[in-house]
Asks: 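Would you mind keeping the following structure in view while I ask a few things?
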Amino acid sequence: MKTLGLIGGMSWESTAEYYRLLNGLTRDRLGGLHSARLVLYSVDFAEIEQLQTAGRWQEAGSVLADAARSLEAAGADLLLICTNTMHKVADQVAAAVSVPLLHLADATARAVRAAGVRRVGLLGTAFTMEQDFYRGRLAAHGLDVLVPEAASRALVHRVIYEELCVGVVREESRADYRQVIGDLVAAGAEGIILGCTEIELLIGPEDSPVPVFPTTRLHAEAAVTAALGDQY
């Protein structure tokens with residue numbers, strides 16, 4: 001098995017889920033006591049969040065690029081950025097190393113298309129929902145991407161940073177997210193992309209009348225497939 005390099009800590013709540021999924025999926029594929037070969041570089045999310053809020057993306061990208069170089073030096077054969085939002089700097093990170101970076105949006109889009117879905121609702125941070133780095137990547141795969149109205153985007157963003165990133169899961173927020181999902185479905189969404197890794201701590205298939213696409217799991221599945229074969 002090839003060695004996976006994880007750039008995590010954004011937040012560590014979702015990175016822990018990455019670790020669980022990667023090891024569980026590897027055991028499912030190989031059986032017995034097998035687990036994933038991986039190395040993890042976990043950043044301080046408080047520093048990254050400050051750079052996000054200030055719009056200092058180049059500096060944030062430099063932090064992640066340094067992490068990527070460290071992972072490559074530690075023997076990683078394939079890199080994952082364990083967060084949707086920081087794929088805004090994916091090109092900067094990929095340019096810092098010679099090993100491949102498995103882009104989360106690509107893995108997600110392939111799964112959406114394989115399910116026969118073309119028009120999707122996207123939930124995530126305000127950066128992910130409102131900027132083109134993620135939506136445009138999905139659109140390049142032939143997907144029609146819908147996002148919530150402004151007030152709903154603000155709600156979704158707030159719950160991520162103020163609750164899920166610090167391990168707080170509230171039933172009231174789950175009900176709010178269900179309403180946002182319902183609005184997207186009413187607008188024509190045939191599926192819902194959970195485009196923030198922490199959202200999977202709150203929302204599952206039972207919370208949506210249409211299929212949900214959990215990006216953490218889809219990214220992990222693609223990574224294990226790549227690590228066990230040559231499918232980068």
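Since the model is a prediction, treat every value here as computed from it, not as a measurement. Numbering of residues begins at 1 and proceeds along the displayed sequence.
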Asks: Closest heavy-atom contact between Val99 and Asp77?
Replies: CB-O, 3.6 Å
Asks: Taking all atoms of both residues into account, what is the closest heavy-atom pair of Cys165 and Glu13, and its distance?
Replies: O-CG, 3.6 Å
Asks: With side chains defined as the heavy atoms from C-beta onward, is the minimum distance between Leu123 and Leu184 less than 4.5 Å?
Replies: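 Yes; the side chains approach each other to less than 4.5 Å.
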Asks: Could you grab the distance from atom CZ of Phe127 to atom NE2 of His157, nearest 0.5 Å is fine?
Replies: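 Answer for the CZ-NE2 pair, Phe127 versus His157, is 5.0 Å.
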Asks: Using the rule side chain to side chain contact (heavy atoms under 4.5 Å, CB included), only one of Leu194, Leu143, Val145, Thr108 pairs with Leu122; which is it?
Replies: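 It is Val145; the other options fail the test.
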Asks: Does any donor atom in the side chain of Thr215 or Asn84 lie under 3.5 Å from an acceptor atom in the other side chain?
Replies: yes
Asks: Please say whether more than 12 non-hydrogen atoms of neighbouring residues, nucleotides or ligands are located less than 6.0 Å from OH in Tyr19.
Replies: no
Asks: According to a 4.5 Å side-chain heavy-atom criterion applied to Ile, Leu, Val, Met, Phe, Trp and Tyr, with indirect links allowed, do Val169 and Val180 form part of one hydrophobic cluster?
Replies: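 Linked, Val169 and Val180 end up in one cluster.
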Asks: Which heavy atom of Arg69 sits nearest a heavy atom of Ala96, and at what distance?
Replies: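 Nearest pair, atom of Arg69 first, then Ala96: NH1-CB, 3.2 Å.
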Asks: Please lay out, stage by stage, how Val63 and Glu47 fare under the test side-chain contact (heavy atoms from CB on, under 4.5 Å).
Replies: CA-CA 10 Å; Val63 174; Glu47 297 175 1; 5.8 Å; no
Asks: Just verifying a value: how many Å separate Arg174 CZ and Leu202 CG, rounded to the nearest 0.5 Å?
Replies: 5.0 Å
Asks: Distance alone, cut at 3.5 Å: any donor-acceptor contact between the side chains of Tyr177 and Asp207?
Replies: no
Asks: State plainly whether one hydrophobic cluster holds both Leu22 and Leu30, where clusters connect Ile, Leu, Val, Met, Phe, Trp and Tyr through side-chain heavy atoms under 4.5 angstrom apart.
Replies: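 As far as the 4.5 Å side-chain criterion goes, Leu30 and Leu22 are connected within one cluster.
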Asks: How long is the straight-line distance from CG of Leu104 back to CG of Leu80, given to the nearest 0.5 Å?
Replies: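 If I round to the nearest 0.5 Å, the distance is 8.0 Å.
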Asks: Any side-chain donor-acceptor pair under 3.5 Å between Glu17 and Thr197?
Replies: no
Asks: Are there over 12 heavy-atom neighbours, none belonging to Arg178, within less than 6.0 Å of that residue's CZ?
Replies: yes
Asks: Find the distance between CG (Leu64) and CE (Met86) and round it off to the nearest 0.5 Å.
Replies: 5.0 Å
Asks: Count the heavy atoms of every other residue, nucleotide or ligand shown that sit under 6.0 Å from CZ of Arg158, and state whether that count exceeds 12.
Replies: yes
Asks: Checking the side chain of Arg135 only, and the main-chain atoms of Met129 only, is there a donor and an acceptor separated by less than 3.5 Å?
Replies: yes
Asks: Any heavy-atom pair between the side chains of Ile193 and Leu138 that's under 4.5 Å?
Replies: yes
Asks: Verify whether one side chain among Gln52 and Thr85 offers a donor that lies under 3.5 Å from an acceptor in the other.
Replies: no
Asks: Nearest heavy-atom pair of Phe213 and Ala111: which atoms, and what distance?
Replies: CE2-O, 3.9 Å
Asks: I'd like to know if the side chain of Arg119 and the backbone of Leu146 have a donor-acceptor N/O pair within less than 3.5 Å.
Replies: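 Side chain of Arg119 to backbone of Leu146: no pair is present.
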Asks: Under 4.5 Å between side-chain heavy atoms, counting indirect links through other Ile/Leu/Val/Met/Phe/Trp/Tyr residues: same cluster for Trp12 and Ile7 or not?
Replies: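 No, Trp12 does not connect to Ile7 through the hydrophobic network.
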Asks: I'd like to know whether Arg153 forms a salt bridge (Lys or Arg N to Asp or Glu O under 4.0 Å) with Glu130, so could you lay out the CA-CA distance, the side-chain angles of the two residues, the decisive distance to 0.1 Å, and finally the verdict.
Replies: CA-CA 9 Å; Arg153 294 198 303 271; Glu130 295 172 3; 2.9 Å; yes
Asks: Do Glu49 and Thr53 get their side chains close enough for a donor-acceptor pair, meaning under 3.5 Å?
Replies: yes
Asks: When you measure from the side chain of Glu190 to the backbone N and O of Val210, does any donor-acceptor pair fall under 3.5 Å?
Replies: no
Asks: Do Thr225 and Arg29 come within less than 4.5 Å of each other through their side chains, counting heavy atoms only?
Replies: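 Contact flag for Thr225/Arg29 side chains = yes.
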Asks: Do any N or O atoms from the side chain of His103 and from the backbone of Asp91 form a donor-acceptor pair under 3.5 angstrom?
Replies: no
Asks: Counting only N and O atoms by type, is there a donor-acceptor contact under 3.5 Å from the side chain of Glu59 to the main-chain atoms of Leu51?
Replies: no
Asks: Would Glu200 and Arg217 pass as an ion pair if we require N to O under 4.0 Å?
Replies: no
Asks: Decide whether Tyr18 and Val166 are clustered together by the hydrophobic rule: side chain heavy atoms of Ile, Leu, Val, Met, Phe, Trp, Tyr closer than 4.5 Å, transitively.
Replies: no
Asks: For the atom pair CD1 (Ile181) and OG (Ser208), what is the distance rounded to the nearest 0.5 Å?
Replies: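 Here the interatomic distance stands at 5.0 Å.
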Asks: For the atom pair NZ (Lys2) and CG (Leu38), what is the distance rounded to the nearest 0.5 Å?
Replies: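 Going from the NZ atom of Lys2 to the CG atom of Leu38 covers 15.5 Å.
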Asks: Closest approach of Met1 and Ser35, non-hydrogen atoms and distance?
Replies: SD-O, 4.2 Å
Asks: Which atom pair, heavy atoms only, marks the closest approach of Leu78 to Ala223?
Replies: CD2-O, 4.2 Å
Asks: Is the backbone N or O of Thr128 less than 3.5 Å from a side-chain atom of Lys88, with the two atoms forming a donor-acceptor pair by type?
Replies: no
